[in-house]
Undergrad: 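One structure, pasted below without further comment.
No experiment lies behind these values; they were computed from the predicted model shown. Lettering of chains follows the sequences in order, A, B, ..., and the numbering in each one begins at 1.
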2 protein chains.
Amino acid sequence: MRVRLEDVARATGVSPKTVSRVLNEEPSVKESTRQKVLAAMESMNYRPSPAARGLAGSRSFLVAMLYDNNDNPASTYLAEVQDGVLDACDAHRYSMMACPLRMRGQDFIRRVDALVFDHHIDGVIMTPPLTDFAPLLQRLKEHGVPYSSISPVQHGGAIGVCMDEQQAAKALVTHLVELGHRHIAHIVGIANHGASRWRMAGYKDALAAVGLPFDPQYVVQGEFTFGSGVIAARELFALPELPTAIFAANDDMAAGVMWAANERGLKVPRDLSVCGFDDTPLATQLWPPLTTVRQPSREMGKLAALQLMELLRGRGTGLLVQVPYALQLRESTSRAP
Amino acid sequence: MRVRLEDVARATGVSPKTVSRVLNEEPSVKESTRQKVLAAMESMNYRPSPAARGLAGSRSFLVAMLYDNNDNPASTYLAEVQDGVLDACDAHRYSMMACPLRMRGQDFIRRVDALVFDHHIDGVIMTPPLTDFAPLLQRLKEHGVPYSSISPVQHGGAIGVCMDEQQAAKALVTHLVELGHRHIAHIVGIANHGASRWRMAGYKDALAAVGLPFDPQYVVQGEFTFGSGVIAARELFALPELPTAIFAANDDMAAGVMWAANERGLKVPRDLSVCGFDDTPLATQLWPPLTTVRQPSREMGKLAALQLMELLRGRGTGLLVQVPYALQLRESTSRAP
DNA sequence: GACAGAAATGACAGCGCTGTCAATTTGCGA
DNA sequence: TCGCAAATTGACAGCGCTGTCATTTCTGTC
């Protein structure tokens, strides 16, 4: 019924172990032998059994994507990252297990142990804020499970993928400055996300670069959600001197700002310029379309997974790749009134 | 290092096979024995190896979630469904593999075969439009792999979960009628989705119920995407007699309608009432908030997975559960002008 | 109390692969 | 041509569990 490694061996006239060697790309197989075996595998349509490989060997060809969907309101982001990871898995004959984690409580320990022990996971791909969740990283290290991070805060030694968000945020805010805005507010994201820190830093950089003062009352805390954007905007609208532009740390909050502006009777961009970050589908679905920064989530997922797989295959030690950002200037920003 | 089944057996003083029986909830194990074994498993923190179980036995405790992310623009929907499926997996100690499929080409055959042969998948959970993709269903049947469907078109014999979308759409449009609207347009979704059919049918039902004529020019084809909503709305706005209300087959398209209304200078809901379907996060992020129908995606994912697992465990034959819908009346609809 | 039949348990092989280590072949210099 | 190390290959056990079938232990019955 099923074509087994042994069948391929018999057909080729070599021992099963040699076929195994070819399968696992081990060195010290004569090139001519390798070719014969590969041909047989191909023609017999041989597919190794992951279960058997996992049981007998040390590798499972399974990677896990860990994410915290409680602290990650933008499900679009996670979905895109996941698709990217799956792209990479596909290319390298790995399988992926999606594993939502709750950072609060000890749940994550149990989950991670389950992944490692039960499934013999070969490696892990993580999204923020898990990328810098010390207890998790420690556990993974204890288990000796390699991991690849997407936008980790700590760049030192991490492998995965990142973007220069600080520079991007600076560029975005600089754009506002160039439009003549002098009272630019910022809505910060969830504290434990590196994204919040970088985007805020970029905001400050941009102000400093042109000698504009940093005014704490123009900086409001948000939570990356639409609702928190609304609340933050209302807060800003209650100030004696309204900002003429608001830079929200992500698109969802920017959407909230635009909502609150509507509520308040402010016309975007005539009375208020608004910009976000991420360039989620939402950005082009708002009226007016949102000025933001494009972050190639799917690509980043794919790259992070590829880095991990290079490492698992023993090729190289894994890198922290940087992907380029791109400003998306749309109609939600205009000259200061 | 690792606690094995044999260890539990030794500790309990029974044979490995008996422990295996307890693990698999097989009948004909004396209750007292079962208790002893369970206690030992618990205290020793025994975790069976999925790889070994998969290799030796016929089950893998793996289910696959199949989806078509090309034809499913609303990634939020998929993400929620997936979370629901994972909830169920968690509860029943199953693992899930996410498996995006492209319906075009023969890709899906290869993927499905890979799942079945390589991973010994126990069952499959599908989202539209895969739920009614004949070649896929046939292949699954050939392999003898049970599947559970979310919102399948063909109810006969299917197991999974559905919602009375036709009734929901009818209720929604009836609401518009009650607000005094007489020129109600409908933007249809992608043809091969049951959702498109049902929502359209409900629209017709509502009109018929109050004796309003069905006017084909008020029915425009869309693709479930924001962009297609914009285009469809522009088409409607070009008619000699503008509709006073538009029912888009999903929220994304409704957002497109509102975008086009803005573009055209129409004020929602004063000049135009708009409603959608699904109650995605987007619905409350638009201005004004969108009247729509809530579809409990996560819950549906969970229920579909649970049905599958009941079936896999040999309890019952699986049902097609119906979940209730709920109208979400918000500010995007108001009395006809 | 003996016996058939059901209930409960166990022995054992083997799922399809890989790790270990031993055996064989090859290459190359003396 | 011979000897030795390196390159290549193979034998074999076993990963942790379950299927099959045999065996033992209960039941209830007459």
Side-chain angles (χ1 to χ4, degrees), chain A residues 1-37 40-41 44-62 93 95 114 116-120 122 312 314, chain B residues 1-38 40-41 44-62 93 95 114 116-120 122 312-314:
Chain A
M1 189 66 204
R2 172 183 191 114
V3 182
R4 291 157 309 151
L5 185 139
E6 193 195 336
D7 302 322
V8 177
R10 215 186 329 259
T12 328
V14 298
S15 76
K17 179 65 214 187
T18 297
V19 178
S20 169
R21 288 197 177 92
V22 173
L23 185 62
N24 293 291
E25 303 180 9
E26 286 176 29
S28 81
V29 174
K30 212 199 298 174
E31 186 54 28
S32 62
T33 314
R34 169 190 307 284
Q35 291 307 334
K36 263 194 305 182
V37 171
M41 281 182 174
M44 302 173 77
N45 192 26
Y46 168 68
R47 339 204 43 153
S49 151
R53 297 228 269 178
L55 185 58
S58 48
R59 293 176 305 168
S60 64
F61 296 89
L62 262 180
R93 290 184 158 269
S95 295
V116 176
F117 281 128
D118 299 1
H119 294 283
H120 261 279
D122 284 344
L312 292 179
Chain B
M1 189 66 203
R2 171 183 192 112
V3 182
R4 290 157 309 149
L5 185 139
E6 193 194 337
D7 302 323
V8 177
R10 214 185 334 257
T12 328
V14 299
S15 76
K17 180 66 214 187
T18 297
V19 178
S20 168
R21 289 197 176 92
V22 172
L23 185 63
N24 292 292
E25 302 181 10
E26 286 176 28
S28 81
V29 175
K30 213 200 297 175
E31 186 53 28
S32 62
T33 313
R34 169 190 307 284
Q35 291 306 337
K36 262 194 305 184
V37 172
L38 285 176
M41 281 183 176
M44 302 174 76
N45 192 28
Y46 168 69
R47 338 205 46 156
S49 151
R53 297 227 270 177
L55 185 57
S58 48
R59 293 176 304 167
S60 64
F61 296 90
L62 261 181
R93 291 181 157 271
S95 295
V116 175
F117 281 126
D118 299 1
H119 294 284
H120 262 280
D122 283 345
L312 291 179
R313 292 211 167 183

Undergrad: Between C1' on C/dT18 and CG on A/Asn24, what's the gap in Å once rounded to a whole number?
TA: 8 Å
Undergrad: Send over the distance from B/Arg10 CZ to C/dG10 P, rounded to a whole Å.
TA: 14 Å
Undergrad: Between A/Ser95 and B/His119, is there a side-chain donor-acceptor contact under 3.5 Å, judged purely by atom types and distance?
TA: yes
Undergrad: Quick one: which of C/dT9, C/dC17, D/dC17 gets closest to the side chain of B/Thr18?
TA: C/dT9
Undergrad: For B/Tyr46, what residues pass the ring pair (Phe, Tyr, Trp, His ring centres under 6.0 Å) criterion, not counting sequence neighbours?
TA: none
Undergrad: Please determine if a side-chain N or O atom of A/Ser20 lies less than 4.0 Å away from the OP1 or OP2 oxygen of C/dT18.
TA: yes
Undergrad: If I take atom NE2 in residue A/His120 and atom P in nucleotide C/dC17, what distance separates them, rounded to the nearest angstrom?
TA: 17 Å
Undergrad: Is B/Ser15 close enough to C/dG10 that one of its side-chain N or O atoms is under 4.0 Å from OP1 or OP2 there?
TA: yes
Undergrad: Of the options C/dG16, D/dG16, C/dA8, whose atoms approach the side-chain atoms of B/Arg4 most closely?
TA: D/dG16
Undergrad: Show the nearest heavy-atom pair for residues B/Thr12 and B/Lys36, with the distance to one decimal.
TA: CG2-CB, 3.7 Å
Undergrad: For B/Arg21, report the nucleic acid contact type (base, sugar-phosphate, nothing); a contact means any heavy atom under 4.0 Å.
TA: base
Undergrad: Remember a base hit wins even if backbone is also touched, and classify A/Pro48 as base, sugar-phosphate or nothing at under 4.0 Å, heavy atoms.
TA: sugar-phosphate
Undergrad: Nearest to the side chain of A/Lys30, heavy atoms from C-beta on, is which of C/dT9, D/dT8, D/dT18?
TA: D/dT8
Undergrad: By nearest heavy atom, map A/Ala56 and A/Val29 onto DNA chain D; which one lands nearer the 5' end?
TA: A/Val29
Undergrad: Can you check the A/Leu55 CG to D/dG14 C1' distance for me, whole Å?
TA: 9 Å
Undergrad: In whole Å, what is the span from the CD atom of B/Glu26 to the C1' atom of D/dT18?
TA: 8 Å
Undergrad: Is a salt bridge present between B/Arg47 and A/Asp118, judged by a nitrogen-to-oxygen distance below 4.0 Å?
TA: yes
Undergrad: Where the side chain of B/Lys17 is defined as all heavy atoms beyond and including C-beta, which of C/dA11, C/dG16, C/dT9 is the nearest nucleotide?
TA: C/dA11
Undergrad: In terms of side-chain heavy atoms of B/Leu23, which of C/dT9, D/dT9, D/dT18 is nearest?
TA: D/dT18
Undergrad: Taking only the side-chain heavy atoms of B/Ser28 (C-beta and beyond), determine which of C/dA8, D/dG10, C/dG10 contains the nearest atom.
TA: C/dA8
Undergrad: Looking at A/Thr33, does any N or O in its side chain come under 4.0 Å of the phosphate oxygens OP1/OP2 on D/dT8?
TA: no
Undergrad: What is the distance from OH of B/Tyr46 to P of D/dG16, rounded to the nearest Å?
TA: 10 Å
Undergrad: Can you check whether B/Gly54's main-chain N or O pairs, donor with acceptor, with B/Ser60's side chain at less than 3.5 Å?
TA: no
Undergrad: Round to a whole Å and report the spacing from NZ of B/Lys36 to P of C/dA8.
TA: 14 Å
